[in-house]
Amino acid sequence: MIVTVCLGSSCHVRGSHHVLETLRRLIKDNHLEDKIQMEGAFCMGNCEKGVCVKIDGTLFTFTPETTQELFQKEILSKLS
Ligand code: FES
């Protein structure tokens with residue numbers, strides 16, 4: 001699975017750095033380093049939907065507050 005976090009300026013203002021750090025921690029805590037490839041990207045052209053996170057090419061809106069929940073729902077559940 002490839003998880004791409006937008007690091008463009010609009011998503012940055014909405015907390016992309018925090019989302020990225022939280023995802024990294026959750027991946028590590030769940031020992032998923034072999035299964036998930038984390039990438040950063042510049043503006044994905046969907047700033048109004050930021051923080052933009054693509055999971056295997058599908059765009060999702062993450063916020064620092066919803067990252068944990070979305071990790072469970074959109075990432076963890078699809079790997080098991
Ligand atoms: S800055 Fe993230 S989509 Fe534009």
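Atoms within a ligand are numbered from 1 in the order they appear, just like the ligands themselves.
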Quiz item: Counting distance only, does the side-chain N/O of Ser16 pair as donor-acceptor with the main-chain N or O of Leu7 below 3.5 Å?
Solution: no
Exercise. Answer yes or no as to whether an N/O/S atom of Cys6 is found below 2.8 Å from atom 4 (Fe) of ligand 1.
Key: no
Practice problem: Would you check if atom 2 (Fe) of ligand 1 lies under 2.8 Å from any N, O or S atom of Cys11? | Solution: yes
Quiz item: If you count the atoms of ligand 1 from 1 in the order shown, which ones are under 4.0 Å from a heavy atom of Ser10?
Solution: 1 (S)
Exercise. Identify, by atom number and element, the atoms of ligand 1 in contact range of Gly45, meaning under 4.0 Å from any of its heavy atoms.
Key: 3 (S)
Quiz item: Ignoring hydrogens and geometry, is there a side-chain-to-backbone donor-acceptor pair from Thr63 to Thr66 under 3.5 Å?
Solution: yes
Quiz item: Which ligand 1 atoms does Gly8 reach within 4.0 Å, using its non-hydrogen atoms?
Solution: 1 (S)
Self-check item: side chain to side chain contact (heavy atoms under 4.5 Å, CB included) assessment of Phe60 paired with Glu74
Solution: CA-CA 9 Å; Phe60 294 90; Glu74 305 296 348; 3.4 Å; yes
Exercise. Please determine if atom 4 (Fe) of ligand 1 has an N/O/S atom from Cys52 lying under 2.8 Å away.
Key: no
Quiz item: What protein heavy atom is closest to atom 3 (S) of ligand 1, reported as residue, atom name and distance in Å?
Solution: Met44 N, 3.3 Å
Self-check item: Matching residue for Phe62 among Thr22, Leu20, Thr67 - test: side chain to side chain contact (heavy atoms under 4.5 Å, CB included)
Solution: Thr67
Self-check item: Atoms of ligand 1 close to Cys47 [distance to a heavy atom under 4.0 angstrom, numbered from 1]
Solution: 1 (S), 3 (S), 4 (Fe)
Quiz prompt | Any donor-acceptor N/O pair, Asp56 side chain to Met1 backbone, under 3.5 Å | solution = no
Quiz item: Can Met38 and Ile2 be said to form a side chain to side chain contact (heavy atoms under 4.5 Å, CB included), step by step?
Solution: CA-CA 6 Å; Met38 287 289 295; Ile2 299 176; over 6 Å; no
